[in-house]
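Contents: one structure, followed by commentary.
Every chain is numbered from 1, with letters handed out A, B, ... down the list of sequences. These numbers come from a predicted model, not from an experiment. The basis for the numbers below is simple: all heavy atoms, side chains too, and nothing from hydrogens, waters or symmetry mates.
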Amino acid sequence: MQYWLVKSEPDDYSFDQLRQDGRTAWDGIRNYQARNYLRDMALGDLVLYYHSRTGLEIVGVARVVRVAYPDPTATKGDWSVVDLVPVKPLTTSVSLKTIKSIPALAEIQLVKNSRLSVMPIPKEAFHLILQLGNTQT
DNA sequence: GCCAACGTTGGC
DNA sequence: GCCAACGTTGGC
């Protein structure tokens, strides 16, 4: 089991939207590093859902229900998507500010590389974030 | 809304 | 193959 984090602008596709839809293909990734991480995702992996730009906080947990396949929205190039379903929203969302203030979390790529939109999260960091969010899986 | 950081493109 | 120019992302 691996743990991940994906970003979305809530104005574009929010966690609430994912809950309404029940399932979505995580399409539109056009960055090689992010794409390669998508391809590393396994069935059942858990994914933190982060709202960028106008949220700046982790708001929920999702799960991988289909591993990487070709992105149907890509007209050229070699891009992939995975399918995600919502697991649950965090009871308390965990802000970027909070994450930055905690030494154990300050090294995750969310902080180190703010432009990366799909990234792995160490197991300990994942569980700490859930703890901060008063949420159990 | 601004702009720094990063990735990509293309001229040489 | 280098690197300047450009486009995009996302924190502030």
With a cut-off of less than 4.0 Å, is there a side-chain N or O of [X] near OP1 or OP2 of [N]?
X	N	result
A:Tyr50	C:dG11	yes
A:Lys7	C:dT9	no
A:Lys100	C:dC12	yes

Partner of A:Val65 by side chain to side chain contact (heavy atoms under 4.5 Å, CB included), out of A:Val82, A:Asp45, A:Asp83, A:Leu84: A:Asp83
Atom pair distance, as rounded to whole Å: [atom1] in [X] and [atom2] in [N]:
X	N	atom1	atom2	result
A:Asp11	B:dG1	CG	P	13 Å
A:Gln109	B:dG7	CD	C1'	15 Å
A:Arg30	C:dG7	CZ	C1'	16 Å
A:Asn31	B:dT9	CG	P	12 Å
A:Gln33	C:dT9	CD	P	16 Å
A:Leu96	C:dC12	CG	C1'	11 Å
A:Lys76	B:dT8	NZ	P	12 Å
A:Arg53	B:dC3	CZ	P	14 Å

Closest non-hydrogen atoms of A:Leu105 and A:Ala125, given as atom of the first, atom of the second and distance, are CD2-CB, 3.6 Å
Hey, does the side-chain of A:Arg115 have a donor or acceptor N/O within less than 3.5 Å of a partner on the base of C:dT8? yes
CD/A:Gln109 to CD/A:Gln33 distance, rounded to the nearest 0.5 angstrom? 5.5 Å
Among C:dC12, C:dG10, B:dT8, which nucleotide has an atom closest to any side-chain atom of A:Tyr32? B:dT8
Hey, would you say the A:Trp79 and A:Tyr32 ring centroids sit under 6.0 Å apart? yes
